[in-house]
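As structure tokens, the structure follows; a few thoughts come after it.
All of these numbers come straight from a predicted model, not from anything done at the bench.
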Amino acid sequence: MKKRALLVGALAAPTAAGIWGAVIEPHLFAIRRHTLPILPAGAESIRILHVADLHLAPWQKHRACWVKALTRLEPDVVVNTGDNLSADIVPDVLAVFSGLLDTPGVFVLGSNDFFSPQAKNPAKYLRSPSQVKHRVNPDLDVKALVRGFEEPTSPSGSTAGGQGWHFLDNTEATLTIKGTRIHFSGLGDAHIDRDRIRWSGGAPGKGVLEHPRFDSEAGLKVGVTHAPYSRTLEAFASAGADLIMAGHTHGGQIRVPFWGAPVTNCDLDRTRARGVFPYRKSLVAISAGLGFSPYSPVRFACRPEVSVLELVAMA
């Protein structure tokens, strides 16, 4: 009788964990908050909403509604670090962000904004970063996504009045928020080799870093990319970034309680799968994001999240 009870218990635990990770936790959306003293002395505080890895599919109405309601947080700036799609449903994604497109913002793209996800063995993630099969032509309407973020329109097709966001893949933009001039510099998704780190000497690390670069007169210098590979963090830090923002890792997606993420899906060590940490003289903020690939539909001990960064003046 005792052996039977132990057997039932041994089977019940992983079953319960599987149900939790596949059915319950993916709907327990969270807002992760950080206060960062990185603004110039005397500057007014700035609230950044960081949205990453929405991975929206047509049936995920609950996730869409939750994100659409994030306007209640009243951010001063929105930073979207990519992987918005899990299917070719650009109008649905633009509808989700319609209210936030009235807020100043910037965005970069992830691999799943170009290419639809493909069936893979999830266990491979435990051995090395996932591989995106070489595909030249996107099968998702990435041009419509970029256009919709840059030039928001009403359902009738006329201009909606929202100012739209700045597209940062391998380029720069400047916003002045509450009197602070913020210089953003972006890199494309390193996971699919779309990051364009340029040196005047040609070879990596040789000569003068031409991109990313920052205006030394800006009150805040922010680097933005999708996947936080070490080469992108090194480039931003070398350019003098105060803050570097990324997504992609999903926080590990399946975390081990009291131990953390087994993987980051890039070349960062597993202890840096999410949250804020120093990198040289910069701060790095990695969001665990909101979603997952439809072929790995589970989150465990890693609630789907957005991040709110409260930037305050240095003492």
Side-chain angles (χ1 to χ4, degrees), residues 32-41 43 45-52 76-82 105-108 110 166 168-175 177 180-191 195-199 204-205 207-249 251 261 264-289 307-315:
R32 188 177 295 272
R33 297 178 183 271
H34 304 277
T35 299
L36 308 180
I38 59 175
L39 295 181
S45 63
I46 295 172
R47 178 177 299 163
I48 296 180
L49 172 62
H50 182 189
V51 183
D76 300 307
V77 185
V78 178
V79 175
N80 182 321
T81 50
V106 298
F107 70 101
V108 292
H166 294 272
L168 281 186
D169 270 21
N170 302 310
T171 190
E172 307 163 24
T174 300
L175 294 173
I177 307 295
T180 296
R181 186 165 168 266
I182 307 175
H183 189 187
F184 293 93
S185 189
L187 285 170
D189 186 4
H191 194 60
D195 54 318
R196 301 290 179 260
I197 301 170
R198 299 192 301 270
W199 296 84
V208 177
L209 183 61
E210 293 185 335
H211 186 81
R213 64 181 180 180
F214 295 100
D215 183 347
S216 61
E217 300 300 316
L220 180 68
K221 299 177 280 293
V222 182
V224 183
T225 194
H226 175 66
Y229 279 77
S230 56
R231 68 179 185 261
T232 63
L233 302 189
E234 186 64 24
F236 284 131
S238 296
D242 300 304
L243 176 65
I244 304 168
M245 301 178 67
H248 176 71
T249 65
T264 62
N265 200 21
C266 63
D267 64 353
L268 287 189
D269 68 85
R270 66 170 194 84
T271 65
R272 296 179 172 186
R274 71 180 184 190
V276 176
F277 56 86
Y279 188 93
R280 290 176 54 185
K281 294 183 179 180
S282 306
L283 284 180
V284 179
I286 297 178
S287 173
S307 298
V308 172
L309 308 180
E310 295 281 358
L311 310 185
V312 299
M314 292 179 284

| request: Using the side-chain contact (heavy atoms from CB on, under 4.5 Å) rule, take E310 and V308 through it: C-alpha gap first, then chi angles, then the decisive distance, then the call. | output: CA-CA 6 Å; E310 295 281 358; V308 172; 4.0 Å; yes
| said: To check you understand the geometry: which heavy-atom pair defines the closest contact between G186 and H211, and what is its length? | reply: O-NE2, 2.7 Å
| request: Check whether more than 12 heavy atoms from other residues, nucleotides or ligands sit under 6.0 Å from atom CZ of R231, and answer yes or no. | output: yes
| Pairwise distance CG(L311) to NE2(H34) - rounded to 0.5 angstrom | 11.5 Å
| task | Go through the steps for V79 and F184 under the test side-chain contact (heavy atoms from CB on, under 4.5 Å), then give the verdict. | result | CA-CA 10 Å; V79 175; F184 293 93; 4.3 Å; yes
| query | When you check the gap from the basic side-chain N to the acidic O, do D76 and R47 get nearer than 4.0 Å? | reply | no
| message | Any side-chain to backbone donor/acceptor pair from S238 onto E234? Under 3.5 Å, distance only. | response | yes
| message | Determine whether a donor-acceptor pair (N or O, by modelled atom type, separation under 3.5 Å) exists between the side chain of H166 and the backbone of A173. | response | no
| query | Heavy atoms, side chains only, cut-off 4.5 Å: are V106 and N80 in contact? | reply | no
| request: Grab the two heavy atoms, one from V312 and one from S45, that are nearest each other, plus how far apart they are. | output: CG1-CB, 4.1 Å
| query | Side chains of P228 and I244: closer than 4.5 Å at any heavy-atom pair? | reply | no
| Is the shortest heavy-atom distance from the side chain of T225 to the side chain of F236 under 4.5 Å? | yes
| task | Give the minimum heavy-atom separation between G240 and K221, together with the two atoms involved. | result | O-CE, 3.1 Å
| said: Within this structure, what is the CG-CD1 distance for the pair L175 and I46, rounded to the nearest 0.5 Å? | reply: 10.0 Å
| message | So does F214 get a backbone contact from the side chain of S185, meaning a donor-acceptor N/O pair under 3.5 Å? | response | no
| task | Evaluate the criterion side chain to side chain donor-acceptor pair (under 3.5 Å) for residue pair H50 and T81; output intermediate values, then yes/no. | result | CA-CA 8 Å; H50 182 189; T81 50; 2.9 Å; yes
| query | So, the side chain of D267 versus the backbone of S230: is there a donor-acceptor pair under 3.5 Å, distance only? | reply | yes
| request: Side-chain contact test, heavy atoms from C-beta onward, threshold under 4.5 Å: evaluate it for I197 versus L209 and give yes or no. | output: yes
| Step by step, would you call N265 with H191 a side-chain contact (heavy atoms from CB on, under 4.5 Å)? | CA-CA 9 Å; N265 200 21; H191 194 60; 4.0 Å; yes
| request: Provide the closest heavy-atom pair for A237 versus Y279 in the form atom of the first, atom of the second, distance. | output: CB-CD2, 3.9 Å
| request: For the residue pair L39 and L220, establish whether any side-chain heavy-atom pair is separated by less than 4.5 Å. | output: yes
| remark: Residues A261 and A273: closest non-hydrogen pair is CB-CB, 3.6 Å
| query | Given the rule in the side-chain contact (heavy atoms from CB on, under 4.5 Å) test, do F277 and L268 qualify, once you have shown the distances and angles that lead to the verdict? | reply | CA-CA 12 Å; F277 56 86; L268 287 189; 4.3 Å; yes
| field | Donor-acceptor contact below 3.5 Å, side chain S287 vs main chain S307 | value | no
| remark: From the list L243, L36, V284, side-chain contact (heavy atoms from CB on, under 4.5 Å) partner of V276 resolves to L36
| Do you know which two heavy atoms are closest between A190 and T232, and how far apart they sit? | CB-CG2, 3.8 Å
| task | Side-chain contact test, heavy atoms from C-beta onward, threshold under 4.5 Å: evaluate it for R272 versus T264 and give yes or no. | result | no
| request: Measure the spacing between CG of D215 and CD1 of I182 and express it to the nearest 0.5 Å. | output: 13.0 Å
| Main-chain N/O of G219 paired to T180 side chain as donor or acceptor, under 3.5 Å | no
